[in-house]
K.L.:
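Here's a structure for you.
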Amino acid sequence: MTRILVTGGAGFIGSHFVRNLHDVYVTVLDKLTYAGNRANLEGVRHEFVHGDICDADLLRSVVPGHDLVVNFAAESHVDRSIEGAAEFMRTNALGTQTLLQACLEAGVPKVVQVSTDEVYGSIDIGSWDEDAPLRPRSPYAASKAAGDLIARAYAITYGLNVSITRCGNNYGPRQYPEKLIPLFLTNLMRGRKVPLYGDGGNVRDWIHVADHCAGIRLVAEKGEPGEVYNIAGTAELTNKELTGRLLQACGRGWDAVEYVEDRKGHDRRYSMDDAKLRALGYRPEIPFEQGLKDTVRWYAEHRDWWTS
Ligand SMILES: NC(=O)c1ccc[n+]([C@@H]2O[C@H](COP(=O)([O-])OP(=O)(O)OC[C@H]3O[C@@H](n4cnc5c(N)ncnc54)[C@H](O)[C@@H]3O)[C@@H](O)[C@H]2O)c1
């Protein structure tokens, strides 16, 4: 049976990925930081290893024997990276290198490094393709760019079969309520206000977590070593437009919005061209309206998940 190791598999996207693996043997390795939650994997058949991707000794015992390693493990919140960048560099850069080294030594046939559009920086008009320069603007984005570059180097220098995916802003169930959509939804459902950065004009391209995971599965199957694949969103919205939809979904008005000082170095807009992945057969399947409706319902029906 195919054996897959998912690092960071107890987080938002990693757990969704694991939930949709069938007829394979799954190992999840996760440090269980504030963002990791074993409840995200409840009812899902897997072997769980509590550990850190920076721990080379542990990886030497866990990694061998797997046919595919997908690395979701990361510090993932930009605001936290602005407060303290060190843990981001440790996990996202050094942790990625430590994991790739373990994969190389174990002869793992395929590795996918999960990354973000934020490595490209900010773009006012047009869209980035995979050859766009990396111009990260936050410590989070810089640490993810470091992970991407070390993955590329392992492919070229050592011949490791690692591909890199870069995705836009994800939404869906089980996202820790520090990111915009779950933070706003849970605040609104508690009767609290929501904090909107700056003028609310920052643009994000939203993608349902299920479409992101489908893109990753395709890259695991067909991605070339050392190559990058963008996974673009399906709905480009300003934060203000998105806030309007969340208010409407929760039956609240604009008096629930508190404009707060803008994030330092706040990227204005992200936009990617995913023609390269589409050429492999990728098509996103979840329309934003439907995905958002389902997500609102999930948070309304799972108060115990976000209040405990
Ligand atoms: N959320 C998004 O919109 C988005 C978009 C594009 C790319 N990504 C990338 O996707 C990946 C997953 O993102 P997410 O939103 O699910 O993040 P998340 O914060 O919900 O989950 C991260 C997981 O990694 C684990 N982890 C953290 N440090 C670790 C370490 N040193 N060793 C082992 N496990 C560790 C955490 O416990 C948690 O379970 C990240 O690499 C992120 O950069 C996220």
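Bear in mind that the values here come from a model prediction, so they are computed numbers and not experimental data. Residues take their numbers from the sequence shown, with the count starting at 1. Note that ligands are numbered from 1 as they come in the structure, with each ligand's atoms numbered from 1 the same way.
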K.L.:
If the cut-off is 4.0 Å to any non-hydrogen atom of Gly51, which atoms of ligand 1 fall inside it?
P.N.:
32 (N), 33 (C)
K.L.:
When you measure from the centre of the six-membered ring of Phe288, is the NZ or CZ of Arg245 under 6.0 Å away and within 45° of the axis?
P.N.:
no
K.L.:
Among protein heavy atoms, which lies nearest atom 11 (C) of ligand 1, and at what distance?
P.N.:
Phe72 O, 3.3 Å
K.L.:
For atom 43 (O) of ligand 1, what is the closest protein heavy atom, and at what distance to 0.1 Å?
P.N.:
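Protein heavy atom with the smallest distance to atom 43 (O) of ligand 1: Tyr140 OH, 2.6 Å.
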K.L.:
Taking the non-hydrogen atoms of Thr7, is any one of them nearer than 4.0 angstrom to ligand 1?
P.N.:
no
K.L.:
Check this for me: Arg278, atom CZ, are more than 12 non-hydrogen atoms of other residues, nucleotides or ligands nearer than 6.0 Å?
P.N.:
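Atom CZ in Arg278 is crowded, with more than 12 foreign heavy atoms closer than 6.0 Å.
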K.L.:
Looking at Asn169, which atoms of ligand 1 are within less than 4.0 Å of one of its heavy atoms?
P.N.:
3 (O)
K.L.:
What protein heavy atom sits nearest atom 4 (C) of ligand 1, and how far off is it?
P.N.:
Ile13 CD1, 3.7 Å
K.L.:
Does Glu241 reach the main-chain N or O of Thr238 with its side chain, forming a donor-acceptor pair under 3.5 Å?
P.N.:
yes
K.L.:
Which ligand 1 atoms does Gly168 reach within 4.0 Å, using its non-hydrogen atoms?
P.N.:
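Those of ligand 1 that fall under 4.0 Å from Gly168 are 3 (O), 5 (C), 6 (C).
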K.L.:
Heavy-atom distances under 4.0 Å decide this one: backbone, side chain, both or neither, for Ser115 against ligand 1?
P.N.:
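For Ser115, only backbone atoms sit under 4.0 Å from ligand 1.
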K.L.:
Would you say that Leu246 contacts Leu292 through its side chain, given a criterion of any heavy-atom pair below 4.5 Å between the two side chains?
P.N.:
yes
K.L.:
Heavy-atom contacts with Ala73 under 4.0 Å: which atoms of ligand 1 show up? List them by number with element.
P.N.:
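Selected atoms, number and element: 24 (O), 33 (C), 34 (N), 35 (C).
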K.L.:
May I ask you to test the Leu94-Gln97 pair for a side-chain heavy-atom distance under 4.5 Å?
P.N.:
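Yes, side chains in contact.
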K.L.:
Using a 4.0 Å cutoff against the non-hydrogen atoms of Ser76, which atoms of ligand 1 qualify?
P.N.:
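Reading through ligand 1 atom by atom, the close ones are 17 (O), 18 (P), 19 (O).
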K.L.:
Are the side chains of Arg268 and Asn202 in contact, using a 4.5 Å heavy-atom criterion?
P.N.:
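They are in side-chain contact.
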K.L.:
Using a 4.5 Å cut-off on heavy atoms from C-beta on, say whether the side chain of Leu21 contacts that of Val6.
P.N.:
yes
K.L.:
Of the protein's non-hydrogen atoms, which lies at the shortest distance from atom 10 (O) of ligand 1, and what is that distance?
P.N.:
Val114 CG1, 3.5 Å
K.L.:
Between Glu236 and Arg269, is there a side-chain N and carboxylate O pair less than 4.0 Å apart?
P.N.:
yes
K.L.:
Nearest protein heavy atom to atom 32 (N) of ligand 1, by residue and atom, and its distance?
P.N.:
Ile53 N, 3.0 Å
K.L.:
On a heavy-atom basis, I'd like to know which of Cys167, Gly147, Gly36 is closest to atom 6 (C) of ligand 1.
P.N.:
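Shortest heavy-atom distance from atom 6 (C) of ligand 1: Cys167.
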K.L.:
Hey, is NZ on Lys240 packed in by over 12 heavy atoms from elsewhere, all under 6.0 Å?
P.N.:
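No - once you tally the heavy atoms of other residues, nucleotides and ligands closer than 6.0 Å, there are 12 at most.
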K.L.:
For the residue pair Val296 and Leu185, establish whether any side-chain heavy-atom pair is separated by less than 4.5 Å.
P.N.:
yes
K.L.:
So which bit of Asn92 gets within less than 4.0 Å of ligand 1, heavy atoms only: side chain, backbone, both or neither?
P.N.:
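Asn92 to ligand 1: no contact under 4.0 Å from either part.
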K.L.:
Does Ser15 offer a backbone N or O that forms a donor-acceptor pair with the side chain of Asn40 under 3.5 Å?
P.N.:
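The answer is no, because no donor-acceptor pair under 3.5 Å joins these two groups.
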K.L.:
Can you report which non-hydrogen protein atom sits closest to atom 41 (O) of ligand 1, along with the distance?
P.N.:
Lys144 NZ, 2.7 Å
K.L.:
With atoms numbered from 1 as shown, which atoms in ligand 1 lie under 4.0 angstrom from a non-hydrogen atom of Asp52?
P.N.:
30 (C), 31 (N), 32 (N)
K.L.:
Contact between ligand 1 and Gly95 is defined here as a heavy atom of the residue under 4.0 Å from a ligand atom; is it met?
P.N.:
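Distance cut 4.0 Å: Gly95 fails for ligand 1.
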K.L.:
Below 3.5 Å, N or O to N or O, backbone or side chain included: is there any such pair between Asp30 and ligand 1?
P.N.:
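It does: an N or O of Asp30 is found under 3.5 Å from an N or O of ligand 1.
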K.L.:
Ser15 near ligand 1, heavy-atom distance under 4.0 Å?
P.N.:
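Judged by the 4.0 Å heavy-atom criterion, Ser15 does not count as contacting ligand 1.
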K.L.:
Just distances here: any N/O of Asn170 and N/O of ligand 1 closer than 3.5 Å?
P.N.:
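Yes: some nitrogen or oxygen of Asn170 is under 3.5 Å from one in ligand 1.
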K.L.:
In the protein, which heavy atom is nearest to atom 34 (N) of ligand 1, and how far is it?
P.N.:
Lys31 N, 3.1 Å
K.L.:
Within a strict 4.5 Å, meaning less than it, do heavy atoms of the Lys293 and Glu289 side chains meet?
P.N.:
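No, too far: nothing below the 4.5 Å cut-off.
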K.L.:
What atoms in ligand 1 come closer than 4.0 Å to a heavy atom of Thr33?
P.N.:
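It comes down to these atoms of ligand 1: 27 (C), 28 (N), 36 (C), 37 (O).
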K.L.:
Between ligand 1 and Cys54, is the shortest N or O to N or O distance under 3.5 Å?
P.N.:
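Between Cys54 and ligand 1 (N or O atoms, distance only) the closest approach is not under 3.5 Å.
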K.L.:
Look at the rings of Tyr158 and Tyr154 and say which category their plane angle falls in: under 30° parallel, 30 to 60° tilted, over 60° perpendicular.
P.N.:
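Tyr158 and Tyr154: tilted rings.
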K.L.:
Taking the basic N atoms (NZ, or NE/NH1/NH2) and the acidic carboxylate oxygens, is any pair closer than 4.0 Å for Glu87 and Arg90?
P.N.:
yes
K.L.:
Return the residue, atom name and 0.1 Å-rounded distance of the protein heavy atom closest to atom 21 (O) of ligand 1.
P.N.:
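The protein heavy atom lying closest is Gly11 CA, 3.5 Å.
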K.L.:
Could you label the plane-to-plane angle of the Trp128 and Tyr270 rings as parallel, tilted or perpendicular, counting under 30° as parallel and over 60° as perpendicular?
P.N.:
tilted
K.L.:
Geometry only, no angles: is Glu75 polar-contacting ligand 1 at N/O separations under 3.5 Å?
P.N.:
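In this structure, Glu75 places no N or O atom under 3.5 Å from an N or O of ligand 1.
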K.L.:
State, without any angle test, whether Glu75 and Tyr140 hold a side-chain donor-acceptor pair at a distance under 3.5 Å.
P.N.:
no
K.L.:
Numbering the atoms of ligand 1 from 1, which are under 4.0 Å from a heavy atom of Leu32?
P.N.:
37 (O)
K.L.:
Pick whichever of Gly172, Ser143, Ala74 has a heavy atom sitting closest to atom 22 (C) of ligand 1.
P.N.:
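It is Ala74 that holds the nearest heavy atom.
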